[in-house]
Amino acid sequence: MPQLSDVLLDTADNPTRIQLVKTESFDAFSAQLSATDRDWLARQNFTARSGQLAWLEQQGAPLAVIGWDGQDNLATLGGLPLQLPEGDYQLLDTVSGLQLLGWALGAYQYDRYKDAKREPARLVLPTETSANVRHAADAIALTRDLINTPAADMAPSHLSAEIVALAEQFNAHCELVVGDELLDLGAGAIHAVGRAADDPPCLADLTWGDESHPKVTLIGKGVTFDSGGLDIKPASGMRLMKKDMGGAAIAVGLANLIMAAGLPVRLRLLIPMAENAIAGNAFRPGDVLATHAGITVEIDNTDAEGRLLLCDALSIGKADKPDLMVDFATLTGSARSAVGAEIAAMFSNSDELAAAISSQAEATDDPVWRMPLHDDYRYMLDSNVADLVNSAASPYAGSVTAALFLKEFVGDVPWVHFDIMAFNTRNRPGRPEGGEAMALRAVFHYLEQRYAQP
């Protein structure tokens, strides 16, 4: 499969020119045109609405005129690769790296099982464009591909193979702990979630970078398919559960981008993987699991399995005392009820860290919203027979209690938890329906600002 960044060119012969016209400046733009050109725009009903396309002929060559709302976001150019005719294009206007990235992300098509509808239009980049625009395009395409791939072809063994391949690409070290080896590691929660599946559970542990650099640990929930376990989901709730490894896919994509950009960090990527299946040896409501942290967990609901993967991974990750630990997970429906499908719910034990990531999220058109780690709700996780229950019986504050559960395994390490949809439920410019790398760019730009700036 070609790299998504292939739609971003250094040079091209005779590219078609593109001119952006701000909606608010349309009258001034039109006044500068000839009467013939104004007539052509009128015939095409062009009023410079955001994303609107019209054609003119100037100096004997076609000119694509694009309406723009003046915002610096993915949508500026995100709709053009599949709206413009195939071919090469060049902008007459100066735009941001974020807008250029929008072009690449708008060219994405998932074509593993059927041919793409068409070739996307290609864009000649300005000479000063950062290489990270291309790196980000490819990292996000990887994330989307992983999420969009059905569970039959994205079981733990497939996902772990992708991580091993990533390690080989960047000369990183990767260890896989598979099946009953997880018990030897003390990761009883990961093992319990995945032991009923034919494809055994796994923990991938990738490390990269100079050991003297600040330690950054990324963790992603890798439930490759979630039936709900013995507390089985209804059919409607199971339909999109190929995306339940979306947190893992985002963490893998972010690791890809960090390594491609050469950020001066000591990176650790921990991906716990399992299929939450049903069989005679499936874990049950009422079971008590031993975790890596030594904390016992009573199972209230087998459909609250993602936090069981994460709790072992967080405990393993905090042992290194990293400078920062970030996890991504498609964890709760409550988070979707709170912020919808298009915003990443963010929890953190550091006000400064949360504020900095929120600022980068706004600047990069990668929306997040901080949620409260309200400690007074900790009582809902009390168990009569174990240290914790995995799922609060209360119908209230489900995303908060899930985050509080994870917090028990973090200690005093600076930590951010993202509860995300990892899936676009509608088509938008630069954001096609399907798997999505939510909060990836916000975290990367935070890391870049914190560690790579002089």
Side-chain angles (χ1 to χ4, degrees), residues 1-22 25 29 32-34 37 40-41 44 46 48 50-111 115-142 144-145 169 256-257 260-261 364-365 427-432 437 441:
M1 182 182 299
Q3 295 278 67
L4 189 58
S5 59
D6 289 346
V7 302
L8 303 176
L9 308 176
D10 290 321
T11 61
D13 294 330
N14 300 316
T16 301
R17 298 167 302 152
I18 297 175
Q19 183 164 4
L20 298 177
V21 180
K22 286 186 180 180
S25 304
F29 168 77
Q32 298 173 5
L33 299 176
S34 68
D37 284 346
W40 271 111
L41 290 183
Q44 297 171 79
F46 183 80
S50 181
Q52 192 178 18
L53 166 65
W55 292 95
L56 294 176
E57 183 174 336
Q58 294 191 345
Q59 300 173 352
L63 174 69
V65 183
I66 307 298
W68 175 37
D69 61 8
Q71 301 296 311
D72 178 16
N73 55 31
L74 296 179
T76 304
L77 305 177
L80 299 182
L82 300 178
Q83 181 182 13
L84 292 168
E86 295 178 13
D88 301 333
Y89 294 82
Q90 187 166 24
L91 289 161
L92 298 179
D93 308 271
T94 299
V95 297
S96 69
L98 175 60
Q99 291 166 315
L100 295 171
L101 177 61
W103 181 290
L105 299 185
Y108 177 84
Q109 299 173 88
Y110 184 67
D111 59 2
D115 293 338
K117 294 180 179 178
R118 49 159 289 182
E119 288 294 320
R122 298 176 295 273
L123 180 67
V124 178
L125 292 178
T127 55
E128 67 277 11
T129 304
S130 168
N132 284 347
V133 172
R134 285 190 169 96
H135 296 325
D138 291 335
I140 292 169
L142 171 63
R144 290 174 174 179
D145 283 346
Q169 179 182 350
N256 179 308
L257 181 51
T364 58
D365 190 20
N427 281 308
R428 291 177 289 159
R431 293 179 165 101
R441 290 178 294 107

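Along the sequence shown, residues carry numbers from 1. Note that these values count all heavy atoms, side chains included, but never hydrogens, waters or copies made by symmetry.
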Exercise. Of V7, L91, V95, L9, which meets side-chain contact (heavy atoms from CB on, under 4.5 Å) against L123?
Worked result: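 The side-chain contact (heavy atoms from CB on, under 4.5 Å) with L123 is passed solely by L91 among V7, L91, V95, L9.
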
Identify the two heavy atoms, one from [X] and one from [Y], that lie closest to each other, and give their separation to 0.1 Å.
X: T129; Y: P126; result: OG1-O, 2.8 Å
X: L4; Y: A107; result: CD1-C, 4.0 Å
X: F46; Y: L53; result: CD1-C, 4.2 Å
X: D111; Y: A116; result: CB-N, 3.9 Å

All N/O donor-acceptor pairs, side-chain side in residues 10-18, below 3.5 Å, sequence neighbours left out:
residue, atom, partner, partner atom, Å
D10, OD1, R134, NH2, 3.0
R17, NH2, Q58, O, 3.1

Hey, what do you get for [atom1] ([X]) to [atom2] ([Y]), rounding to the nearest 0.5 Å?
X: L77; Y: S96; atom1: CG; atom2: OG; answer: 8.0 Å
X: N73; Y: L98; atom1: CG; atom2: CG; answer: 6.5 Å
X: W40; Y: S34; atom1: CH2; atom2: OG; answer: 11.5 Å

Exercise. Tell me, do I140 and Y108 make a side-chain contact under 4.5 Å, heavy atoms counted?
Worked result: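 Result no, sub-4.5 Å side-chain heavy-atom pair not found.
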
Exercise. Does the side chain of L101 reach to within under 4.5 Å of the side chain of T364, using non-hydrogen atoms?
Worked result: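 The answer is no; the side chains never approach within 4.5 Å.
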
Taking [Y]'s backbone N and O only, do any of them form a donor-acceptor pair with [X]'s side chain (distance below 3.5 Å, no angle check)?
X: R144; Y: L105; answer: yes
X: W103; Y: A121; answer: yes
X: R441; Y: D365; answer: yes
X: T76; Y: Q71; answer: yes
X: Q109; Y: R118; answer: yes
X: Q19; Y: L63; answer: no
X: N256; Y: A139; answer: no

Under 3.5 Å, which donor-acceptor pairs do the side chains of residues 82-89 form with other protein atoms, sequence neighbours left out?
residue, atom, partner, partner atom, Å
E86, OE2, E119, N, 3.1
D88, OD1, R122, NE, 2.6
D88, OD1, R122, NH2, 2.8
Y89, OH, P85, O, 2.7

